[in-house]
Amino acid sequence: MTQTPDSFDVISVVDEYPSRFRNAQAVPYPLVHAAVLACRVFIPFSAHRMPLSVSSIQTIAEIPPCGISHEKEGLDKTGTEPIQFPEGGTAAWCMVIGCALVQFCGFGYTTSFGVYQGFYTLHYLTNESTSAISWIGGINAFLASGCGLVAGILYDRGYFYHILVGGSLLQSFALFMLSLAQPGEYYQIFLAQGVGLGIAQGLLYVPTLAVVAHYFHQRRTLAMSLATSGSSLGSIVHPIMLNYLFNRSVGFANGVRISAAFVSALLLSACLLIRTRLEPPKNPANYLSIGKGIIHDVPYCIMCAGLLCFCIGFYYPIFYLQLDSIQHRNPETFSFYSLALLNGGSLIGRLSTGFIAPHVGVPSLLIISTAACGILILGMIGLNRVPTIVVIGTIYGYFSGVCIALLAPLMTLLTNDISELGARMGIAMAIAGIGSLIGGPIAGALLTSQYKWWQPSLFSGLIALTGSSLLLLMQLVLTRRRCSTDSGKQEP
């Protein structure tokens, strides 16, 4: 009789069982495989070992992947050599699909707020101003970005699965609570959609993007672009579904419940698909010391200021394009699809970024895209008929998708010490979230109850161009620093 070892890795044993039972007659293999997937999700919470999670910042690790020997990875026994990235494979691409599903349900839902903005303004919160209603979407977008700082800290300490499952459950709960909100009850909608949904999406956003870096290095920009494209796909599907449910089918309450069930099913699938590869770092990053060091990093500080300004104007078309189309008496059917049209362009932009960026360069492509967004927002001053909405909405969607896809690669480029990537990404997203918090309400206040569309368009366009100018300054500082470094190396 085989003796039970004093200690064993439960995950390794679970992974071993499918191959043992594949040819067994007594137990159907699909059932065994389903049981294994369930164990891999819930065992990290109960097994007497550190959860199989990964540092959000560790792309070159001193610890080999769990269950893989140093010889297989080309490491010495001390584990001090850089590991090799798979750059593909079933596990890697399943993880990308899972991350895309999280983005589909996260920022894909946040960028669909324009549907809620129009419905609340015209039907559900008629006693509130457009600026007050925009605070719901603003706080949602802010928390979705700002909570990334907290999520990064927890992630670096090995709590990836706790964040993934907890954030998914909170998002489902918040949506079901939103379905119980009564007409005219602003605080109920604000708490459920603004606060609850925003925190849930913030917990999921940064970790599910950072984990991509543990499977890809050379193809990281492509993989991250594919992962973030999930939010663009979500921002196409959600507006179409929500408009149909709210206005033509089952009404607000049941429509939100159907949407919540749909999102819950996708998040469950993501929990089963996403697998981490490396152990957490032995010494997690100290965010306080990193924050002090960032103050002296001039390009990074300029980037944060540029993203702050750009995000103030960025959400104006996303929040107000559908309402703008309705108020200009365009066909209702087309107006309901205007936001999906914008987000369709965003999907194309995100997918194409991974192929364009290696040739143009991440900073240069981001500068071009942010400048184009600012110009197109200014062009919304003349927005009135269907052709103008189609042209401006589609092109703006494309360049906004490129901008979003380039944020994570840009932060990676500006990070010299890769162990600080999670902290730097969280801090930058939190600062950018301030812009998304105040941008919508400011635009709503400038719009006024008389719907003076030129005022918010002018403000949002100019502030977005200011952000683009700051990113150009960042690029100039980087170029000057690179030139001085190269000249210093050439000196004898």
Side-chain angles (χ1 to χ4, degrees), residues 55-57 102-103 106-107 110-111 113 135-157 159-160 163 166-167 170-171 194-211 213 224 228 231 284-315 366 370 403-415 417 419-442 463-464 467 470-471 474:
S55 165
S56 61
I57 54 172
V102 173
Q103 301 301 316
F107 264 92
T110 296
T111 51
F113 182 75
W135 277 107
I136 300 172
I139 195 67
N140 181 293
F142 167 70
L143 291 174
S145 300
C147 286
L149 185 59
V150 178
I153 295 174
L154 295 174
Y155 194 19
D156 291 343
R157 283 156 176 77
Y159 293 102
F160 172 74
I163 298 171
L170 179 58
Q171 181 164 354
V195 179
L197 198 60
I199 293 174
Q201 293 166 349
L203 291 175
L204 295 171
Y205 179 69
V206 169
T208 52
L209 277 186
V211 73
M224 284 188 172
T228 56
S231 60
N286 187 326
Y287 278 50
L288 184 60
S289 61
I290 292 174
K292 293 179 180 178
I294 283 174
I295 298 176
H296 304 287
D297 190 342
V298 177
Y300 181 86
C301 291
I302 297 174
M303 178 202 70
C304 290
L307 292 180
L308 171 63
C309 293
F310 177 72
C311 285
I312 293 176
F314 174 78
Y315 281 94
L366 183 62
T370 51
C403 292
I404 295 173
L406 289 174
L407 292 182
L410 177 64
M411 295 173 198
T412 305
L413 183 66
L414 294 179
T415 303
D417 184 356
S419 67
E420 298 181 356
L421 179 58
R424 284 171 167 259
M425 186 180 293
I427 292 170
M429 294 302 296
I431 294 174
I434 297 174
S436 60
L437 171 66
I438 63 177
I442 291 175
I463 197 70
L470 288 172
L471 292 175
M474 174 207 71

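Excluded from the calculations below are hydrogen atoms, water molecules and symmetry mates; all remaining heavy atoms, backbone and side chain alike, are included.
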Please set out all donor-acceptor pairs under 3.5 angstrom arising from side-chain atoms of residues 196-203, sequence neighbours excluded.
from, atom 1, to, atom 2, distance (Å)
Gln201, OE1, Thr110, OG1, 2.6
Gln201, NE2, Gly106, O, 3.2

Completion exercise
Residue set satisfying side chain to side chain contact (heavy atoms under 4.5 Å, CB included) with Pro441, at least two apart, ordered chain then number -> Ser131, Ser134, Trp135
Exercise for the section: Mind listing the closest non-hydrogen atom pair of Ile139 and Gly194 along with its distance? Expected result: CG2-CA, 3.3 Å
Problem - Atom of Ser231, atom of Thr111 and distance for their closest heavy-atom approach - result: O-OG1, 4.4 Å
Which donor-acceptor pairs under 3.5 Å do side chains of residues 425-440 form with protein atoms, sequence neighbours excluded?
from, atom 1, to, atom 2, distance (Å)
Ser436, OG, Gly433, O, 2.7

Fill in the blank from the handout: Across all chains, not counting sequence neighbours, the side-chain hydrogen bond (donor to acceptor under 3.5 Å, both in side chains) partners of Ser145 are none
Can you list, pair by pair, the side-chain donor-acceptor contacts under 3.5 Å of residues 302-314, counting residues two or more places apart and other chains?
none

Exercise for the section: Report the distance from atom CG of Leu406 to atom CG of Leu413, rounding to the nearest 0.5 Å. Expected result: 11.0 Å
Fill in the blank from the handout: SG of Cys301 to CG of Leu470, rounded to nearest 0.5 Å, is 12.0 Å
Practice task
Go through the structure and list residues passing ring-ring contact (aromatic ring centres under 6.0 Å, His included) with Tyr205, not counting sequence neighbours.
Solution key: Phe107
Practice task
Could you walk me through whether Thr412 and Arg424 pass side chain to side chain contact (heavy atoms under 4.5 Å, CB included), step by step?
Solution key: CA-CA 9 Å; Thr412 305; Arg424 284 171 167 259; over 6 Å; no
Exercise for the section: Kindly indicate, with the supporting measurements, whether the criterion side chain to side chain contact (heavy atoms under 4.5 Å, CB included) is fulfilled by Ile404 and Gln103. Expected result: CA-CA 12 Å; Ile404 295 173; Gln103 301 301 316; over 6 Å; no
